[in-house]
Q: 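Structure incoming, see below.
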Amino acid sequence: MLEKRLAADGSGWFVGDSVTIADLRAHQLVAWLVSGLLDGIPANCMEAYPLLLAVHDKVEALPAIAAYRAQYGTKYGNFDYQP
């Protein structure tokens, strides 16, 4: 459904011609799904959804997001418990 919505509009964003909260939420969802942290969900699970991946990449390229990533990193930890 989300892929179809992006295809119908053609702007590359969910609403209008610039980033909105909808794009940020989609970015977070895609990042979580491709993180490799979810049991049974492969990191390449979004390959069939190139427009959603493009939104993720566009959000990552925003100056504020890029600055945050430069300071704090880009990957989730592995959450392995080590006493």
Q: I need the single residue from V19, D23, L2 that forms a side chain to side chain contact (heavy atoms under 4.5 Å, CB included) with V55. Which is it?
A: D23
Q: Mind listing the closest non-hydrogen atom pair of E3 and L51 along with its distance?
A: OE2-N, 2.8 Å
Q: Between D9 and W13, what is the shortest heavy-atom contact and its length?
A: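 Where D9 meets W13 most closely, the heavy atoms are OD2-O, 3.8 Å.
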Q: Measure the CG-CG distance between L62 and D57 for me, rounded to the nearest 0.5 Å.
A: 11.0 Å
Q: Rounded to the nearest 0.5 Å, what separates atom CE in M46 from atom NE2 in H56?
A: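 Going from CE on M46 over to NE2 on H56, the span is 9.5 Å.
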Q: Please examine the side chains of Y68 and I65, heavy atoms only from C-beta on, and report whether any two atoms are closer than 4.5 Å.
A: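 SC-SC contact between I65 and Y68 ruled out.
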Q: Locate the shortest heavy-atom distance separating S11 from G16; write the atom from each residue and the value.
A: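 Where S11 meets G16 most closely, the heavy atoms are OG-O, 2.8 Å.
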Q: Just verifying a value: how many Å separate L33 CG and Q28 CD, rounded to the nearest 0.5 Å?
A: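 Here the interatomic distance stands at 8.5 Å.
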Q: Any sub-3.5 Å donor-acceptor pair from T20's side-chain atoms to V15's backbone N or O?
A: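 No, T20 side chain to V15 backbone: no donor-acceptor pair under 3.5 Å.
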Q: Which atom pair, heavy atoms only, marks the closest approach of A26 to F14?
A: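 In this case the closest contact between A26 and F14 is CB-CE1, 3.4 Å.
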Q: If you count every heavy atom of other residues, nucleotides or ligands that lies below 6.0 Å from N44 atom CG, does the total exceed 12?
A: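 More than 12 heavy atoms, drawn from other residues, nucleotides or ligands, come within 6.0 Å of this atom.
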Q: Distance check, rounded to the nearest 0.5 Å: H27 atom NE2 versus W32 atom CH2?
A: 15.0 Å
